[in-house]
Structure formats: structure tokens, C-alpha cells
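Below: the structure, in C-alpha cells.
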Amino acid sequence: MKKYGKQILYMVIAVGAYAAVMLLVNMGLLSRQMTSLIIPVCMNIILAVSLCLVVGFLGELSLGHAAFMSIGAYSGALVLKSGLPVVVSLPLAVLVGGCCAAVLGFVVGIPVLRLKGDYLAIVTLAFGEIIKSVFNAATPITGGAGGMKKIPAVTTYKNFTFVYILMLLVILLVSYLVNSRHGRAICAIRDNYIAAETIGIKVSRFKTMAFVISAFMAGMGGVIYAGNIGILKPVNFDYNTSIEILVMVVLGGMGNITGSIIAALLLTVLPEMLRGLSNYRMLVYAVVLIAMMLFNNSPMKRILVEKKNMRQAAKIQ
Amino acid sequence: MTLLEVKNLGISFGGLRAVDGLNMSIEKGALVGLIGPNGAGKTTVFNLLTGMYLPSGGSIKLEGTELVGKSPARISQEGVARTFQNIRLFSQMTVMDNVKAALHNKIKYNLAASFLHTPEYRRKEREMNERAREILQVFELEQYVDYKASNLPYGKQRKLEIARALATDPKLLLLDEPAAGMNPNETAELMETIELIREKFGVTILLIEHDMKLVGGICEYLYVLNFGTELAHGLPEEVLNDPQVITAYLGE
Ligand SMILES: Nc1ncnc2c1ncn2[C@@H]1O[C@H](COP(=O)(O)OP(=O)(O)OP(=O)(O)O)[C@@H](O)[C@H]1O
Ligand SMILES: [Mg+2]
């Protein structure tokens, strides 16, 4: 009974958020600036939740998420530019983008996932830069530094429904996965890979699995990006982008899907809201980041959590 | 019937022969002790048996199947489970999930079922919950199912590690100093539980313990290690009165 209550709550939030956005847009209550943020918010939620699988649940620090996003973006953009009708080209692009990213995730994952901690972070960082250089160099296909232009704008706020459903799907799949036999294996590896091995979990298989699934979803996020922005440049996928996504996961509380979603929402909207402050924008942004970080590790939060647990305990008895 | 047959097992670290020419033969259903002073090589034997180290020579046969060269995950599936001297729980996971993680190869469903929470997923998860609860009950941990493993008191963490090992449904259970850090009461209670699980789960147990008296109390057979080699083996009363064994321990 208690479990169903939670599911209903999530459903209400999902439908409510959708209805609210649709209502605000259709009644013209959102400024142009806010309207333009709708899709980036969904996209960042997809990216943050997918990275959360690797960083939060598998416990590996990956700094190459933007690279997987870029593979998805470029390969998806080629499909979008193919001239097929949008009802076909958009889902197909999302699928192709996801698959290309997943294949790359697999190829990179096999050698890279043997590394631990800092080494993995450094290698994924380097990997991201290599991918960026490749896109820069492959001018005939990607347009090089000048960018791949004239990508049909198929994932603007007018196609919010499609993007929103995709986002819900990513959230649902990751949440379901984490609460399963496979998800437990992934978390067990994070907590103690030696113990995980000795209870029969094939560590490298599950590491690769988490990495590939995460890459697939990042690739889909990349396609949304391509169809939203209309032009792809390799500089848009440098390590800064990877780190921005990582910050969302870290602020969300590592391995907390709801936290990642909220952080993605705030960190997408906040910089734009602060645009009016021009010079102080990045300063305020940094201060807010630090404040959130401090809160996440503060006694204040512990007290709040403990209070919640007490209430919960009282209810059960 | 012999369950485990170890022949001429050895490993060195640099110049140090941590285990040298070890022979062991363990009967099915036995409760055997592996004792020896600090640094004798007891934990190293466990690391060899579970495939964490590759021996420099020798063989390990479980019911005739060679284990040397197999990965730890594979050896777990062959039926060897262990606990660790320095506890290695899945600290951020709940007590329940620690045990369920160990049911990984016992109750299975595919990735699609994980992603979609199909009826099969729900059925198998229910089965897992029941099985995990059964095991946790033996260790009186059922009221802690929702605790994070790291929030359990120390003694209960040790018990949870044994519960997790048992969940893999092993033929051979290796316990590395299960009573370390416990008071005499807790230790006595734990030893009773160990005898109980041997009956209930039909498992063969090899136990490392420092305290010779304690080991003599419950083990039917003992192996004594010193400087990586076998010093003595036999029935507890013989072994514990062996002058060589006494000197090795007093020499510490
Ligand atoms: N990975 C390793 N690298 C180098 N030396 C090691 C390694 N593992 C064990 N040793 C050495 O092998 C010897 C045996 O160690 P082991 O941990 O097996 O002893 P033990 O009998 O379990 O002792 P204790 O009662 O203290 O747990 C020690 O001298 C130890 O330093
Ligand atoms: Mg030891």
C-alpha cells in the first residue's frame, strides 16, 4: 500500500509538471527566455540521470560524458538532415544517436574500466578531448570547427511532448534498473568490488554494462541537443560540459536520482535567471554551488533527514 | 567423501614464501579449523582458495573440479564462499540488499525484466526477499533489514557477512576470524550459530581462528600453519598438545 502511494505521487508529479508547462506555454505566460529553457532542462535531466548511473551507482568518476553526448548529437543530426518526415526521422535519430554512443561506450569501456579512480577520470577526460579533435578534423562530415549547420529544429518547445516522454523513460529505466538484480550488482561493485567478486558478480561485465547504458542515454540527450540548437560545434562538447553535468550529479547527492533531477533543473535555469546580473553572474553561480555543496554535507541536512526518519518510524509503529 | 583436496599449494610475495607446500583434505560436512600465529599465511590460504591470488604451484580441487586459474566469480559459482578478516560489506546498501546481492546467481532474471519490472521480476524479487529473510533470521538480523550495512554495530556486521556468504548457497564456507573483536559472550553465541548453520544449510566449514581454545571447542579437525608451512594436523586434542604447536604459539 505504502509503495503504491509513492508510485502515485511520482505519477502525479510527472503529469502535473507536463500539464503546467503545456498550460504556461499555450497561454503565453512564459517569457521567450524561459520558453527556450524548456528543452535544455529536459536534456540536462537526461544527461544527469544517465551520468548518475556511472558516478553515483557504479561509483566511477567519468569526465567524458560530453563525448558520448557529442557522438549522439552528430550521428543523430545526420539522420535528422536526411529529409525523412519528422515522425520518422526524430525517433530514428534518437535511436541511432543512442546506439552510436553505446558502441563507443563499449569500445572505450573495455580497456578504460580496468582503471580505478583518478586514472579513470583522467583517461575519460582525455578520451573526450580526442573525440572533440576527431570532430574538428572530420570537416567533410561534421563541418569541422565551423560546425554542422542547418540541422532541422525538431526538438524545440513545440515538440515538448516527445522530449518529455523520452526524459521520463530515461528516469524510469534508470530507477527500475537500480532496483533490480543488475542494479544491485552495480552498487555492490561500487561499495566493495572484492566482496562483489567473491559472491559471484562478474565485475568487468557489470561495469561495462553500466557504462554502455549510460552512454546510450547520453547519446539520446545529444540528439535532443542537436535538434534544439540547430548547429553543432566541437567546442560545445569540451570538458566544461562534462563537468557541468558532473556537478549536477554531485549536487544531487551522488546516487540520488531525484537529487540529480532537481540539480539539473536548478543549474539549467539559474545561470539564465542570473543573466541580468551580467558581471556578477558567474560569481553568484559559484556561491550558490558552494552553498548547495555545503548544505549537502552539513549537520543541518543530517538533522532534517533524521527528523524525517523519526516521523517515518513513528508512522510505522 | 572428500569435498576439498589441496595439494602442494604455494605462493610467494617477492622473496617471501607466504604459503609453501600446503596439503589439505576436507571431508564433506566437516567443521575444520585453520590456526596459526600472526602472519602464518592463513588469510593467504583463503585468498588462494577463492581465486583472489594465483598460486605459484599446486592444485585445489573441489569435488574433483580444479579451481586454480578460475576467477573469484567463477569459484563462487562452483560453491566456495567466504568472509573477510577486515569486514567487507556493501556499506551503502541495506542489510536486505547485501544478502539479495549474494543471491545474484541463485535467483536470476534478465536485463529486460530489470528495466521493465515485469511480472517475472516481481515474482523472482519476492522469492529473493523470502530467501534473504530466512537467512537473516538465523542470525537474528531480520529486524535490521532496512538499516544501511555500515550503521550496524560491529558484531552484527560480522554476522551479516556470514549471512551474505551463505546466500550464495556454498558447498564450502570459509570464515576468516569470525569472532574477531567480539566479547566472550558474543563469541560463544556465534560459535553456536556456526554449528547451527552447518546443520541447517548442509555446508562444510573451514574456520580461521586465533584463539586455540575456542577452535578446539567446536572444530573436529585442525590444521596448524606456521611461516607458510603446515606444522601439524589432526584431532584438536592431539594438535593442541603437540609440543611443536605450543612452541610456535608461545614463540610469538
Ligand atoms: N598481497 C601481499 N603482498 C605481500 N605480502 C603479503 C600479501 N599478502 C600476505 N602477505 C604476507 O604473507 C604473510 C602471511 O600473511 P597472512 O595475512 O596470510 O597471515 P595470517 O596468518 O592471516 O595472519 P593474521 O593472523 O595476522 O591474520 C605475511 O607475512 C604477509 O605480510
Ligand atoms: Mg589473517
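Just so it is clear, the structure is predicted and the values come from calculations on it, not from any experiment. Numbers restart at 1 for each chain; the letters A, B, ... are given by sequence-line order, proteins then strands.
- In this structure, CZ on Arg190(A) lies 10.5 Å from CZ on Phe90(B), to the nearest 0.5 angstrom.
- For the atom pair Ser180(A) OG and Lys124(B) NZ, the distance stands at 13.0 Å (nearest 0.5 Å).
- The parts of Leu116(B) that come within reach of chain A are both its backbone and its side chain, each placing non-hydrogen atoms under 4.5 angstrom from that chain.
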Residues Met254(A), Gln92(B); criterion side chain to side chain contact (heavy atoms under 4.5 Å, CB included); working and verdict: CA-CA 12 Å; Met254(A) 292 277 212; Gln92(B) 301 304 304; over 6 Å; no
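- Between chain B and the residues Val178(A), Ile194(A), Leu172(A), Val174(A), the largest count of heavy-atom pairs under 4.5 Å involves Ile194(A).
- No part of Tyr193(A) comes within reach of chain B, as not one of its non-hydrogen atoms sits under 4.5 angstrom from that chain.
- For chain B, no part of Ile189(A) is nearby; none of its heavy atoms comes within less than 4.5 Å.
- Tyr109(B) and His182(A) have perpendicular rings, their planes meeting at more than 60° on a 0 to 90° scale where under 30° would count as parallel.
- Met93(B) approaches Ala188(A) most closely through the heavy-atom pair SD-N, 3.7 Å.
- Note that the CG atom of Asp191(A) and the OG atom of Ser150(B) stand 8.5 Å from one another [nearest 0.5 Å].
- For Asn105(B) against Ile199(A), the heavy-atom pair with the smallest separation is ND2-O, 4.1 Å.
- In plain terms, the two heavy atoms of Tyr176(A) and Phe115(B) that are nearest each other are CD2-O, 3.1 Å.
- Listed for the Arg181(A) side chain is a donor-acceptor partner under 3.5 Å among the backbone atoms of His104(B).
- Note on Ala73(B), Ala149(B), Gly51(B): by heavy-atom pairs under 4.5 Å with chain A, the leading option is Ala73(B).
- With contacts defined as side-chain heavy-atom distances shorter than 4.5 Å, the pair Asn179(A)/His117(B) qualifies.
- Closest of all the heavy-atom pairs between Arg88(B) and Ala195(A) is O-CB, 3.4 Å.
- For chain A, the option among Asn110(B), Val80(B), Asn98(B) with the highest count of heavy-atom pairs below 4.5 Å is Asn110(B).
- With chain A as partner, the option from Gln77(B), Glu125(B), Arg82(B), Glu78(B) having the largest number of non-hydrogen pairs under 4.5 angstrom is Glu125(B).
- Taking 4.5 Å as the limit, every side-chain heavy atom of Ser76(B) sits out of range of all side-chain heavy atoms of Thr198(A).
- Side-chain contact check for Met209(A) versus Leu111(B): some heavy-atom pair is nearer than 4.5 Å.
- In the displayed structure, Tyr10(A) atom OH is contacted under 6.0 Å by at most 12 heavy atoms of other residues, nucleotides or ligands.
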